[in-house]
Amino acid sequence: MVDVVPAPVPAATVDRLPSYLRALHQLVAAGVERTSSVELAELSGVGSAQLRKDLSFLGSFGTRGVGYDVGSLTDSITRRLGLETEHKVAIVGIGSLGQALANYRGYASRGFQLVALFDTAADVVGTTAGGLVVEHADDLAAVRERTGFTMVLLATPAPGAQEAVDRVVAAGVRSVLSFAPIALQVPEEVDVRAVDVGSELQILAFHSQARELRP
């Protein structure tokens, strides 16, 4: 049997899929079995036309006048996001932000398991956070071999972020979510997503100013 390769999904659509999945989980929790594009779009914070276009990249869903089967659509998005199996995650940098990330209780419900914590500070290594012992970043490769994590949350300050991501890449990790306000240099095969609170606030400031300048 020849494996069927899924059609490519635009990056912008992929960015919205987690919002659709979160909305669908809300509906499942409420016991809803069918939903309309209007209802699902409202729960997801997008327009219904955009939602229908995005879902068209995943296959044929929904029937006019009947709507979407919540269970089937949830399963389909879960598969396309690669969440059928649990992904193991590590955190590098256990300062205030790293501590908060370690104590976050929402990983399991989203398909992730936090399995390791790393730092280089002598007064941090050996302490615990989120029920895990902080290990030295020099041991990244060995701990990855032991625990099997494939993703890293990078929560180091900007000055040490490049060195930290170099360690992560050298350990064989190819998926990084960075909270450091700096552009990281990584090999082509490594995916880095950046969460920059300062940049997001600056964008909000732009829109706030634009509203004030409107006639």
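Nothing fancy with the numbering, it's 1 onward along the sequence.
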Check: Considering residues, nucleotides and ligands other than E86, do more than 12 of their heavy atoms fall under 6.0 Å from its CD?
Finding: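 Yes, CD of E86 has more than 12 neighbouring heavy atoms, counting only those of other groups under 6.0 Å.
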
Contact summary for [X] and [Y], nearest pair of heavy atoms:
X: A155; Y: G93; value: CB-O, 3.5 Å
X: S44; Y: L51; value: OG-CD1, 4.5 Å
X: A180; Y: A161; value: CB-CB, 3.6 Å
X: S37; Y: R52; value: OG-NH1, 3.0 Å

Checklist line | Cluster check L83, L177: I/L/V/M/F/W/Y, side chain < 4.5 angstrom | finding: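 Yes: a chain of side-chain contacts under 4.5 Å links L83 to L177.
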
Next item on the list: Give the cluster check for V28 versus V32: same hydrophobic cluster or not, with ILVMFWY residues linked at side-chain heavy-atom distances below 4.5 Å.
Entry: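 Yes; tracing contacts between hydrophobic side chains, which count when under 4.5 Å, links both residues.
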
Item checked: Residue pairs passing the side chain to side chain donor-acceptor pair (under 3.5 Å) test where at least one lies in residues 91-120, sequence neighbours excluded ->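 Listed by first then second residue: nothing to list.
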
Next item on the list: Scan for side chain to side chain donor-acceptor pair (under 3.5 Å) pairs involving residues 151-165, sequence neighbours excluded, and state none if there are none.
Entry: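 The answer is Q162-D166.
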
Item checked: Qualifying residues under side-chain contact (heavy atoms from CB on, under 4.5 Å), relative to L43, sequence neighbours excluded ->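 Here the qualifying residues are A23, Q26, L27, E39.
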
Check: Who passes side-chain contact (heavy atoms from CB on, under 4.5 Å) against T127, sequence neighbours left out?
Finding: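 So T127 forms a side-chain contact (heavy atoms from CB on, under 4.5 Å) with V124, V134.
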
Next item on the list: Report the distance from atom CZ of R79 to atom OG of S76, rounding to the nearest 0.5 Å.
Entry: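 Reported value, rounded in 0.5 Å steps: 5.0 Å.
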
Next item on the list: State which residues pass salt bridge (Lys or Arg N to Asp or Glu O under 4.0 Å) with D138; sequence neighbours excluded, sorted by chain then number.
Entry: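 Scan of D138 (salt bridge (Lys or Arg N to Asp or Glu O under 4.0 Å), adjacent residues dropped) gives R167.
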
Next item on the list: Tell me, please, which residues at least two apart from R22 pass salt bridge (Lys or Arg N to Asp or Glu O under 4.0 Å).
Entry: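 Result, salt bridge (Lys or Arg N to Asp or Glu O under 4.0 Å) vs R22: none returned.
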
Notebook entry, point to check: Which is it for L55 and I77 under the side-chain contact (heavy atoms from CB on, under 4.5 Å) test, yes or no, and what are the steps along the way?
Noted result: CA-CA 9 Å; L55 295 185; I77 295 178; 4.2 Å; yes

Would you say [X] and [Y] make side-chain contact, with heavy atoms under 4.5 Å?
X: L24; Y: Y68; answer: no
X: F112; Y: L114; answer: no
X: L117; Y: E135; answer: no
X: L73; Y: D69; answer: no

Just list the side-chain donor-acceptor pairs under 3.5 Å for residues 8-21, sequence neighbours left out, or say none.
| residue | atom | partner | partner atom | Å |
| --- | --- | --- | --- | --- |
| T13 | OG1 | D54 | OD1 | 2.8 |
| D15 | OD1 | R193 | NH1 | 3.4 |
| D15 | OD1 | R193 | NH2 | 3.4 |
| R16 | NE | D54 | OD2 | 2.6 |
| R16 | NH2 | D54 | OD1 | 3.1 |
| Y20 | OH | D54 | OD2 | 2.5 |

Checklist line | Hydrophobic cluster of V152, others only, ordered by chain and residue number, side-chain cut-off 4.5 Å | finding: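 For the cluster that includes V152, the remaining residues are V92, V115, F118, L140, V143, F149, L154, V165, V168, V169, V173, V176, I182, L184, V186, V190, V192.
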
Checklist line | Side-chain hydrophobic cluster, 4.5 Å single linkage: members besides L201 | finding: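 When side chains under 4.5 Å apart are linked, the cluster holding L201 also contains V197, L204.
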
Item checked: side-chain hydrogen bond (donor to acceptor under 3.5 Å, both in side chains) partners for D196, two or more places apart ->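 Per chain and number, D196 pairs via side-chain hydrogen bond (donor to acceptor under 3.5 Å, both in side chains) with S199.
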
Next item on the list: Only counting residues at least two apart or in another chain, list the ones meeting side-chain hydrogen bond (donor to acceptor under 3.5 Å, both in side chains) with R174.
Entry: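 With sequence neighbours excluded, R174 shows a side-chain hydrogen bond (donor to acceptor under 3.5 Å, both in side chains) to no residue whatsoever.
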
Next item on the list: Scan residues 187-208 for pairs that pass ring-ring contact (aromatic ring centres under 6.0 Å, His included), counting only residues two or more places apart or in two chains.
Entry: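 As it turns out, there is no ring-ring contact (aromatic ring centres under 6.0 Å, His included) pair with a partner in residues 187-208 once direct neighbours are skipped.
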
